[in-house]
Amino acid sequence: MTNEEMNVIIGLEVHCQLNTSSKLFCACSADFRGDAPNTHTCPVCLGLPGTLPVLNKRAIEYALKVAKAFNCVVLEKSEFCRKNYFYPDLVKAYQITMGDNPLAVGGYVEIEDDAGNPKIINLTRIHVEEDPGRLVHMGNREYGHYTLVDYNRSGIPLIEMVTEPELSSPKEARRFLNKLRAMLEYLDVFDPEKEGAIRVDANISIKGHERVEIKNISSYKGVEKALIFEITRQKNLINRGGTIVRETRHFQEGKGTTISARSKETATDYRYFPEPDLPIICVADWIKDIISPELPDARRDRFMQQYGITANHAKTLTGDLKLAEFYETIADVGAAITASWTADILIGELNYRDMSLGIVAPHASEFKDLVTLIRDKKITDKAGIEVLRVWLDNLRTGTKMEKPTKIVERLNLARESGEHLRGIVEQILASNPQAIIDHKTRKKGALNFIVGQVVKETRGKFDPREIHAMIAEFVGK
Ligand SMILES: [Zn+2]
């Protein structure tokens with residue numbers, strides 16, 4: 001069987017930290033990042049004997065918001081239970097989670113398959129559970145000499161969302177996670193800027209073979225990498241006549257590989273039993289009072305209708321809540337030109353610099369000024385990109401806060417036309433006689449070469465069409 005004929009089957013378990021102000025079962029502040037280890041703790045989240053958990057109502061409300069947005073069915077009775085296992089980050093030696101009676105079942109997410117067609121990914125269940133603490137390995141994983149434990153994360157509320165095994169490629173998995181992340185951000189139940197706010201376990205198999213679980217991929221961007229590696233490993237093993245063993249593997253982010261961790265536990269290994277310290281919760285009726293905000297698909301449709309922009313621009317701009325809000329604050333410059341400069345150019349330049357929109361968003365009005373200069377033909381597109389790059393580099397390093405209008409002045413990039421161009425064209429033609437001969441003998445690319453020289457000399461201050469016309473005056477079309 002060739003590699004292409006082997007069907008890949010992927011299912012995901014996504015853990016997402018809810019951004020409630022306190023933890024799931026105690027009043028400790030959940031906003032612990034940047035604080036000293038073990039400072040956000042109390043007897044409850046340290047699991048001391050005699051303490052009792054008190055359920056955070058807000059966490060359940062957030063989970064219901066998610067359940068409603070994904071069209072899940074909330075169960076009449078949901079039950080917390082104990083998942084028993086020993087690990088140093090788990091103070092009580094059990095995790096409070098949900099078993100056979102989760103918060104909600106069913107539901108779905110619509111994504112695009114690899115051919116660009118709509119595809120429904122069904123959800124199995126959504127449940128609420130507590131995060132364990134965090135282990136900090138000093139040294140590296142192979143040769144660490146000691147490990148520190150930080151319980152600040154112990155008891156942070158998580159929702160776990162489980163998909164049916166319906167994803168067919170690593171790219172589909174990435175699109176699913178992007179969509180999921182955008183929806184959770186729109187729902188205002190999680191903060192994507194927080195490190196480790198989304199963690200993913202992936203089940204992956206080749207049709208007809210055993211399934212392998214990759215645990216705790218700490219960035220959702222790492223998921224695609226982990227899946228690509230694991231698919232190749234499994235296909236190669238099958239092609240060599242080997243057998244896939246049902247096991248759990250760890251993803252090594254730095255190396256981009258997975259390694260065998262342990263043989264797979266079954267549910268019975270965890271001795272699940274109902275949590276005796278918490279009552280059964282009945283929240284099915286609450287769902288009708290939950291108000292859903294505008295979600296990404298609805299906002300995409302509105303953008304197309306309200307601003308008349310293309311489907312692709314609308315999809316990109318609404319794929320991230322902050323980007324959608326950024327666009328709406330500046331769209332009055334002109335919906336189409338703003339969409340293009342934001343979705344096509346700004347995002348590309350941000351990605352290139354590994355910058356987040358969060359750095360640019362507070363300076364939206366300056367970006368708006370830049371788009372206005374381009375709209376009013378005060379600078380050319382080429383000069384616009386040069387200004388954008390200088391402006392972004394300044395924002396990134398934080399060295400010089402210079403507005404785009406000032407950058408245009410300082411670099412003398414205001415658009416020019418007329419006689420000044422004539423002089424430069426004459427000069428370029430005089431110093432490139434071979435290019436003129438090439439152009440007259442219809443050699444391909446000769447005219448573009450001359451135009452390129454003039455653009456370079458004038459640093460993009462003239463409209464390329466004007467340059468073309470001027471050169472044609474001298475050497476013919
Ligand atoms: Zn606590």
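Counting starts at 1 for both ligands and their atoms, in listed order. For this chain, numbers begin at 1 and follow the sequence in order. Nothing here was measured: the structure is a model prediction, and the numbers come from that model.
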With ring-ring contact (aromatic ring centres under 6.0 Å, His included) as the criterion, how do Phe326 and Phe367 come out once you've worked through the C-alpha distance, each side chain's angles and the decisive distance to 0.1 Å? CA-CA 10 Å; Phe326 180 82; Phe367 182 72; 5.7 Å; yes
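Sorted by chain and number, the protein atoms of type N, O or S within less than 2.8 Å of the Zn ion (ligand 1) are Cys26 SG, Cys28 SG, Cys42 SG, Cys45 SG.
At least one test fails for Lys406 against the ring of Trp391: distance under 6.0 Å to the centre or angle within 45° of the axis. Cation-pi geometry between Lys92 and Tyr94 is met: the NZ or CZ atom falls under 6.0 Å from the ring centre, inside 45° of the normal. Cation-pi geometry between Lys83 and Tyr270 is satisfied (NZ or CZ under 6.0 Å from the ring centre, within 45° of the ring normal).
Ion pair Glu112/Lys315 flagged as a salt bridge, since at least one NZ, NE, NH1 or NH2 atom sits closer than 4.0 Å to an Asp/Glu carboxylate oxygen.
Exactly one of Glu230, Gln252, Lys225, His250 qualifies for a side-chain hydrogen bond (donor to acceptor under 3.5 Å, both in side chains) with Thr258. That residue is Glu230.
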